[in-house]
Amino acid sequence: ACCSYRLRDALHPLWQSPLTIPGGTRQSPINIQWRDSVYDPFLKPLKISYDPTTCLHIWNNGYSFLVEFDDSTDRSIIVGGPLENQYRLKQFHFHWGAINDWGSEHTVDSKFYPAELHLVHWNAVEYPTFEEAVMEGNGLAVIGVFLKLGARHEGLQTLVDALPAVKHKDTVIEFDVFDPSCLLPSCPDYWTYAGSLTTPPLTESVTWIIKKKPIEVDEDQLEAFRMLLFTSDGEEEKRMVDNFRPLQPLMDRTVRSSFQ
Ligand SMILES: NS(=O)(=O)c1ccc(C(=O)NCc2ccccc2F)cc1
Ligand SMILES: [Zn+2]
């Protein structure tokens, strides 16, 4: 019974693959224990410059909905913070729950937020393609932003209005102009740690930059996320909710903060 319990526990329904990578030492997401994070005065401010016209389309990939960008040039980049190089924006997506009590991937002092935004960037200075960067320890940089229930977010609304068009898995809609910096909190404070992708292939290639302050969205906007489907048109409908990975062990890692 004990081993089957462990086996059942290790194979998460959403990913069908082991939840912890055998031998993984830097898996994500993690709980950020505020008091255990270490202020690093050498961390630089994160510099973000996105060109809204690099936006391409919104795509339901059966895990989340992604807003993808033209990453063939350095028009939308981040630099500074904990990063040695500049990193190119490739896509952003969200993770959310069936109800407001959970949904984020990272937690802060064991508190879940109802949703979490991930802005995915790759190191185009050192690697020729995203696919190669995904396999390297310093290949990716993902900015995580917590969403909390509150006022309606006008910038998010343009995205929410497009979601009915990507209700089913493998549907895509053109999305010409969008500036993702409108989804970032104004406060510059962040935590950073070395981690991994939170969906397969779970590679340990991500420098995580988690913003301390959440953005506010309203109930209708969260509900719009929850009307998306994991399933393709014609299949038995499964609502796209609870698309977050369980917390992973911190192991021998320190979370640094850019603030005191
Ligand atoms: N939730 S997250 O950690 O921010 C995350 C970010 C990006 C991916 C991704 O690009 N997967 C597809 C993929 C495509 C090509 C090569 C490798 C890949 F993982 C997965 C998870
Ligand atoms: Zn993600």
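Every number for a ligand or one of its atoms is a count from 1 in the order of the listing. When a residue number appears, it is its place in the shown sequence, counting from 1.
If you check the side chains of H95 and E116, you find no donor sitting under 3.5 Å from an acceptor.
Below 4.0 Å from some heavy atom of H95 lie the following atoms of ligand 1, by number and element: 1 (N). Residue-ligand proximity, Q91 to ligand 1, at heavy-atom distances under 4.0 Å covers atoms 7 (C).
The protein non-hydrogen atom at the shortest distance from atom 11 (N) of ligand 1 is P200 O, 4.4 Å. The closest protein non-hydrogen atom to atom 19 (F) of ligand 1 is P201 CD, 2.8 Å. Distance from atom 8 (C) of ligand 1 to its nearest protein heavy atom, with residue and atom name: L197 CD2, 4.0 Å.
Between E219 and the choices R152, R226, K148, the salt bridge (Lys or Arg N to Asp or Glu O under 4.0 Å) rule is met once, by R226.
Under the salt bridge (charged side-chain N to carboxylate O under 4.0 Å, His left out) criterion, the residue pairs touching residues 185-200 are D189-K212, with sequence neighbours excluded. Each salt bridge (charged side-chain N to carboxylate O under 4.0 Å, His left out) pair with one or both residues in residues 171-183, not counting sequence neighbours, would appear here, but there are none. Applying the side-chain hydrogen bond (donor to acceptor under 3.5 Å, both in side chains) test to every pair with at least one member in residues 249-260, sequence neighbours left out, gives these pairs: D40-R256.
Of all the heavy atoms of W208, the ones lying under 4.0 Å from any atom of ligand 1 belong exclusively to the side chain. Neither the backbone nor the side chain of K90 has any atom closer than 4.0 Å to an atom of ligand 1 (non-hydrogen atoms only). At a 4.0 Å heavy-atom cut-off, ligand 1 touches T198 through backbone and side chain alike.
Taking the charged nitrogens against the carboxylate oxygens, R88 and D71 have no contact shorter than 4.0 Å, which rules out a salt bridge.
Note on ring orientation: taking the six-membered ring where Trp is involved, the planes of F92 and F69 are tilted (angle from 30° to 60°). Using the six-membered ring where Trp is involved, W96 and F65 have ring planes that are tilted, between 30° and 60° apart. Taking the six-membered ring where the residue is Trp, F175 and F178 present tilted rings, their angle falling between 30° and 60°.
At least one heavy atom of V134 sits closer than 4.0 Å to an atom of ligand 1. F130 counts as a contact of ligand 1, since one of its heavy atoms falls under 4.0 Å from the ligand.
Considering both main-chain and side-chain atoms, E131 never comes within under 3.5 Å of ligand 1 through any nitrogen or oxygen pair. Annotation: T199 places no N or O atom under 3.5 Å from an N or O atom of ligand 1; distance criterion only.
Closer than 2.8 Å to the Zn ion (ligand 2) sit the protein N, O or S atoms H93 NE2, H95 NE2, H118 ND1.
Aromatic pair F94/F225: centroids less than 6.0 angstrom apart.
Expressed to the nearest 0.5 Å, how far CD1 of I77 lies from CG of D51 amounts to 11.0 Å.
No chain of hydrophobic side-chain contacts below 4.5 Å, direct or via other Ile, Leu, Val, Met, Phe, Trp or Tyr residues, connects L66 to W122.
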